[in-house]
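Below is one structure; the comments refer to it alone.
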Protein chains: 2
Amino acid sequence: MDNRRGEREQATEDRRRELLEAADRVVLRDGPGASMNAIAAEAGITKPILYRHFGDKGGLYRALAVRHTDALLAALRAALDAPTGRRERVEATLDTYLSAIEARPQVYRFLMHPADGGAADVPEPPASGEATERDFEVGRHSAPLLRRLGEELAQVIADRIDFGPGGAVIARAWGHGIVGMMHAAGDWWLHERPCSRAELVQSLADLLWGRLAAAADKAGGPGL
Amino acid sequence: MDNRRGEREQATEDRRRELLEAADRVVLRDGPGASMNAIAAEAGITKPILYRHFGDKGGLYRALAVRHTDALLAALRAALDAPTGRRERVEATLDTYLSAIEARPQVYRFLMHPADGGAADVPEPPASGEATERDFEVGRHSAPLLRRLGEELAQVIADRIDFGPGGAVIARAWGHGIVGMMHAAGDWWLHERPCSRAELVQSLADLLWGRLAAAADKAGGPGL
DNA sequence: AGACTTACGTTACCGACGGTAACGATTTGC
DNA sequence: GCAAATCGTTACCGTCGGTAACGTAAGTCT
């Protein structure tokens with residue numbers, strides 16, 4: 001029985017995995033606007049099973065997001081924990097993040113970007129009208145993801161940098177701020193590719209290193 | 001005739017305004033999940049009129065967003081153009097942004113935050129199921145808004161700071177990065193209110209001023 | 001004045017979506 | 001062999017964004 005029970009649980013977990021992989025495929029193919037029907041079809045089953053496994057669409061998405069996020073978080077943590085100087089660590093972390101979103105832009109867009117129709121050939125539901133454009137409700141969850149990253153970074157900062165009293169709040173402000181900077185700059189960069197990854201890393205690290213304060217005013221500028 | 005024509009145009013523009021105000025009311029009341037039907041009802045008309053005026057939901061949203069965004073942009077530009085020192089200007093800009101989102105959090109959430117149900121009493125469509133949770137497709141447009149802010153700031157930076165050659169790209173990276181920082185930190189702050197506005201402004205300005213590079217390691221920390 | 005255009009407004013509808021109820025199979029345990 | 005639980009289905013609901021078709025009042029032309 002325990003045996004049986006264990007086998008069952010194992011089986012359902014395997015099933016879950018399988019469904020998640022199918023969902024992954026569909027989301028990567030159809031973009032964030034993938035419908036539950038489409039996912040079910042890809043998995044070779046029908047909707048109610050999906051709902052039995054994940055409750056609702058948000059549940060499925062959450063499971064999907066956790067999968068992808070954990071890998072990214074692990075990579076970032078590794079970069080953050082490298083035994084090098086602070087500047088090198090910051091650069092490595094930025095580069096790790098940018099590498100990740102560069103390597104799997106569709107995953108990135110799915111996780112972070114509310115909507116964009118990351119599909120190659122079918123940006124919108126094939127025929128009929130033109131834009132049912134149901135999102136995957138990604139927006140509902142992308143913020144939590146960024147928050148998670150921000151809190152994580154805040155923790156690292158608080159652990160390593162000695163602010164005075166009340167430093168915890170500063171560390172959190174910095175954590176969220178830096179994550180937001182990375183996110184926004186990365187999003188822009190991924191979209192326009194105006195420079196190499198290394199150049200962006202340098203620019204952002206320079207910004208974080210106070211180059212804004214140190215930079216000279218423009219010659220012919222308005223004076224200040 | 002020209003007279004007539006002018007009157008007509010004026011009338012339709014007034015109508016547009018009126019509809020936008022109604023939409024505004026509904027969005028502020030029902031949160032970003034407001035439906036076209038609800039907006040039409042609030043305006044005392046029916047859907048097709050909305051569609052004739054704004055094309056589709058995105059059009060309505062865009063018109064709504066422009067209204068609110070322009071004011072914010074103007075305020076930010078004023079702060080950015082103040083005849084003070086750079087640090088003061090940065091602080092003033094941050095403070096202006098935070099003041100804006102603090103003063104009208106619902107508007108902010110509508111513009112920037114994909115979904116959250118900013119409503120006070122009716123977070124989700126009253127009866128029936130529980131979560132139809134159609135967003136206002138805000139996610140589709142919040143990115144453009146942030147992009148716009150980022151480009152705007154990039155322009156200011158490029159105008160005022162003298163990078164070497166290739167400086168335009170650096171300025172844009174900084175512009176988007178800083179806007180992202182402001183956005184993420186502001187979002188976190190608005191949500192948790194962990195400190196006063198002034199404190200957050202100081203923390204972020206310090207971050208931008210290179211305090212990360214200058215800060216001392218923690219005493220008992222892992223060494224670096 | 002009476003026909004004609006033009007804009008405004010309506011009702012009624014479409015297809016797709018998220019989500020669920022109700023009903024078969026098929027395996028499991030006694 | 002037989003009940004129970006599990007896996008899967010079909011068929012459906014309500015809501016949504018969006019549109020076609022139709023009516024109506026007002027200004028325009030002859």
Side-chain angles (χ1 to χ4, degrees), chain A residues 1-16 18-19 22-23 26 30-41 43-61 115 122 124-138 140, chain B residues 1-16 18-19 23 26 30-41 43-62 115 122 124-138 140:
Chain A
M1 311 199 191
D2 285 352
N3 195 359
R4 280 298 174 208
R5 175 83 87 165
E7 284 180 15
R8 265 268 154 264
E9 284 179 3
Q10 181 65 31
T12 65
E13 196 140 331
D14 287 358
R15 197 86 176 97
R16 234 182 108 96
E18 192 185 328
L19 296 185
V26 175
D30 292 356
S35 78
M36 293 297 265
N37 262 325
I39 293 174
I45 51 162
T46 50
K47 267 197 298 179
I49 307 185
L50 279 183
Y51 282 95
R52 282 223 267 263
H53 273 271
F54 301 103
D56 64 348
K57 198 171 182 175
L60 203 175
Y61 171 74
V122 189
E124 46 195 358
S128 76
E130 59 165 330
T132 42
E133 62 174 69
R134 320 267 153 179
D135 291 2
F136 211 92
E137 303 291 347
V138 187
R140 180 86 64 178
Chain B
M1 308 204 203
D2 285 353
N3 196 358
R4 281 297 174 208
R5 175 83 87 165
E7 283 182 16
R8 264 270 154 261
E9 284 176 4
Q10 182 64 31
T12 65
E13 197 140 330
D14 286 358
R15 197 87 176 96
R16 235 182 106 96
E18 192 185 328
L19 297 185
V26 175
D30 293 357
S35 78
M36 293 298 266
N37 262 324
I39 294 174
I45 51 161
T46 50
K47 268 193 302 178
I49 308 184
L50 280 183
Y51 283 95
R52 283 224 266 262
H53 272 271
F54 302 103
D56 65 349
K57 197 170 183 175
L60 203 176
Y61 171 74
R62 233 162 291 139
V122 190
E124 47 195 359
S128 74
E130 60 165 333
T132 42
E133 60 174 70
R134 321 265 154 180
D135 292 1
F136 211 93
E137 303 291 347
V138 187
R140 180 85 63 176

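In the text below, chain A, chain B and the rest are named by the order of the sequence lines, each starting its count at 1.
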**Rounded interatomic separation in angstrom, taking CD1 from Ile45(B) and P from dT24(D)** = 20 Å

**Request:** Kindly say whether, by distance alone, the side chain of Arg52(A) makes a donor-acceptor pair under 3.5 Å with the base of dG8(D)?
**Result:** yes

**Item:** Between OG on residue Ser35(A) and NZ on residue Lys47(A), distance to nearest 0.5 Å
**Value:** 8.0 Å

**dT9(D) phosphate, OP1 or OP2, under 4.0 Å from Thr46(A) side-chain N/O** = yes

**Item:** Candidate pair Glu13(A) and Arg16(A), rule salt bridge (charged side-chain N to carboxylate O under 4.0 Å, His left out), full reasoning
**Value:** CA-CA 5 Å; Glu13(A) 196 140 331; Arg16(A) 234 182 108 96; over 6 Å; no

**Options dG8(D), dA20(D), dT9(D), nucleotide nearest the side-chain atoms of Pro48(A)** = dT9(D)

**For atom OH of Tyr61(B) and atom P of dC16(D), their distance in whole Å** = 20 Å

**Residue Ile49(A), side-chain heavy atoms: nucleotide from dT9(D), dG9(C), dC16(D) that is nearest** = dT9(D)

**Message:** Using whole Å, what does the distance between atom P of nucleotide dA16(C) and atom CG of Asp30(A) come to?
**Reply:** 14 Å

**Request:** Round to the nearest Å and state the distance from Asn37(B) atom CG to dA12(C) atom P.
**Result:** 14 Å

**Prompt:** Between the base of dG18(D) and the side chain of Lys47(B), is there a donor-acceptor distance below 3.5 Å?
**Reply:** yes

**Distance in Å, Leu50(A) CG paired with Asn37(A) CG, rounded so as to fall on 0.5 Å steps** = 9.0 Å

**Asked** About how many Å separate CZ of Arg52(B) and CD1 of Ile45(B), when rounded to the nearest 0.5 Å?
**Response** 10.0 Å

**Asked** Which is it for Met36(A) and Tyr51(A) under the side-chain contact (heavy atoms from CB on, under 4.5 Å) test, yes or no, and what are the steps along the way?
**Response** CA-CA 9 Å; Met36(A) 293 297 265; Tyr51(A) 282 95; 3.5 Å; yes

**Asked** Where the side chain of Asp56(B) is concerned, which of dC7(D), dT20(C), dG18(D) is the nearest nucleotide?
**Response** dG18(D)

**Asked** What is the distance, rounded to the nearest whole Å, between atom CD1 of Ile39(A) and atom P of dC17(C)?
**Response** 11 Å

**Message:** Tell me the interatomic distance from Lys57(A), atom NZ, to dT20(C), atom P, rounded to whole angstroms.
**Reply:** 14 Å

**Message:** I want to check one thing: is the phosphate of dG9(C), taken as OP1 and OP2, less than 4.0 Å away from some side-chain N or O of Arg15(B)?
**Reply:** yes

**Request:** Could you check how far NE2 of His53(B) sits from P of dA7(C), rounded to whole Å?
**Result:** 12 Å

**Prompt:** To the nearest Å, how far apart are Glu18(B) CD and dC8(C) P?
**Reply:** 13 Å

